[in-house]
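Step one of this worksheet: look at the structure below.
All of these numbers come straight from a predicted model, not from anything done at the bench. Throughout, a chain's letter reflects where its sequence line sits, starting with A, and its residues are numbered from 1. The analysis underlying the following values was restricted to heavy atoms, covering all of them including side chains, and did not include hydrogens, waters or symmetry mates.
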There are 2 protein chains.
Amino acid sequence: MPKLVDPVERREHIVRAVLRLVAREGFAGASLRNVAAESGLNIGSVRHYFTSHTELVLFAMTSMVERVSARLLGHVEAAAHWERRPLAARRATVQAALEELLPLDEDRHAEVAVFVEFAAAARTDPALAAAARKAAAGTRGFVARLTERYVTTDGMRPGLDPAVEAARLWALLDGVATQAVLQPQLVTAETCRQVLDTHLRSLEATRGT
Amino acid sequence: MPKLVDPVERREHIVRAVLRLVAREGFAGASLRNVAAESGLNIGSVRHYFTSHTELVLFAMTSMVERVSARLLGHVEAAAHWERRPLAARRATVQAALEELLPLDEDRHAEVAVFVEFAAAARTDPALAAAARKAAAGTRGFVARLTERYVTTDGMRPGLDPAVEAARLWALLDGVATQAVLQPQLVTAETCRQVLDTHLRSLEATRGT
DNA sequence: CTGGTTTTATCACAGTCGTGATACGAACGG
DNA sequence: CCGTTCGTATCACGACTGTGATAAAACCAG
């Protein structure tokens, strides 16, 4: 018998309102009163499930990060045993995994926007620093694992340093994703895909000419 | 005879206070009262030189962008006539120019931090949108010009698309610079230099194994 | 029904924000 | 000298913030 109000789902409902507000109006737009209005609840109700505003935004941030992390894990497993597959197939697998971090559709666009807001806010808000650092380290690890796996196989350019290549690819993805969110007129989804594809191909050994 | 108060220098003095505050406390920290306190002036004095808060932050933003742009122009001229110079020297010139965009010292670190704050704020603040778009287009043009000039010479990898390479390099620089500011523990100045150097070298044709 | 917990709702308080209005003094041209 | 402009300073207003306190309503077990 489901209780009339499920506390867990209530919190998720509020979190969704927070993320919607941050994506639409920025970090400062996620005030308690705005969140209450956006979620259709009363301020008192919101405060009943989150003791403070800091806890609310922190929970919303970690909640979103966990959601993305779970999605990434599936792609890592897809690249588990690919030794015998052709190089183009391996590249496609890596590209599909990394595209999870790019704002190629509306949902991921909102995700990246929220992440940019949180990351920027965490620079000057000590309460968010630890969570932001953990999130950044997570995506860096994800990119690094894929890079290492992709680079240390046959058909790659000789002399590639996996650590440096991981940092380079991470910066590239982070940069193009942020640009696509902050300057959508200058950097489109197609730019993102093109840049990533070109980069992955540039890591491979040139056969001809 | 210098007037007792030079309006131009007063505005610059206030702007410096704004940029200091944005770098230290974030975009929201640049309130009129904070700016007045930081600049050692009275709120009324600040309001005497800037009719509104929007005009203040907008002027501070464009002021900083112009300062950086002037610095970049010198580097572009340095790459004007280099056809007869060896490839390593050309790469060093390009690297020195692009390092102007990276937070390799305290000043540039603060600059990038301020720019990140403004760019993020401009996403949801229509008053800043035009200026942010102009600034982004400016740095993109700077990177694109250098890229095109660097890529379309002898000794480069065949089949490079200047437009795509410009977008890729711009995203890389923007990404690593932002990361170094938002996550200084994960991305250091050395990482920035290493990533940029590796990238520029990767554009060159591999001679031997 | 009764009693206790959960949930919702409302008020008040102190703080900050941008801004309009106003006033006082200092500087300067005539 | 006067009068006008410029610079500084201070007040008040309405709007917004997070939060403590409190009360009413809804729920559910005994």
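The phosphate of D/dG7 has neither OP1 nor OP2 within less than 4.0 Å of any side-chain N or O from B/Asn42. When the side-chain nitrogen and oxygen atoms of B/Tyr49 are compared with OP1 and OP2 of D/dC6, none of them lie within a distance under 4.0 Å. Between A/Ser45 and C/dT7, a side-chain N or O to OP1/OP2 separation shorter than 4.0 Å is absent.
As rounded to whole Å, 13 Å separates atom C1' of C/dG18 from atom CZ of B/Phe27. One atom, CZ of B/Phe50, and another, P of D/dT8, lie 13 Å apart when rounded to the nearest Å. Atoms CG (B/Leu56) and C1' (C/dG18) sit 12 Å apart, rounded to a whole Å. Here C/dA21 presents its C1' atom at 15 Å from CD1 of B/Ile43, a figure rounded to the nearest Å. Going from atom CG of B/Asn34 over to atom C1' of C/dT16 covers 9 Å, rounded to whole Å.
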Distance-only check: which donor-acceptor pairs under 3.5 Å involve side-chain atoms of residues 21-31 of chain A, not counting sequence neighbours?
| unit_1 | atom_1 | unit_2 | atom_2 | d |
| --- | --- | --- | --- | --- |
| A/Arg24 | NH2 | A/Glu38 | OE1 | 3.1 |
| A/Arg24 | NH2 | A/Glu38 | OE2 | 2.9 |
| A/Ser31 | OG | A/Asn34 | N | 3.2 |

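Below the 3.5 angstrom threshold, one finds no donor paired with an acceptor across the side chain of B/Arg47 and the base of D/dG7. Taking only distance into account, the side chain of B/Arg33 meets the base of C/dG18 through a donor-acceptor pair shorter than 3.5 Å.
Residues A/Arg90 and A/Thr153 bring a donor and an acceptor atom of their side chains to less than 3.5 Å of each other.
Summarising the geometry of A/Cys192 relative to A/Leu102, their closest heavy-atom pair is CB-CD1, 4.0 Å, with the distance given to 0.1 Å.
Other residues, nucleotides and ligands place no more than 12 heavy atoms under 6.0 Å from the CZ atom of A/Arg145.
Here C/dT6 is the nucleotide among C/dG18, D/dA21, C/dT6 with the atom lying nearest to any side-chain atom of A/His48. The listed nucleotides are C/dG18, D/dT10, D/dT19; the one nearest the side chain of B/His53 is C/dG18.
Nucleic acid contact for B/Thr54: none, since no nucleic acid atom lies under 4.0 Å from a heavy atom of the residue.
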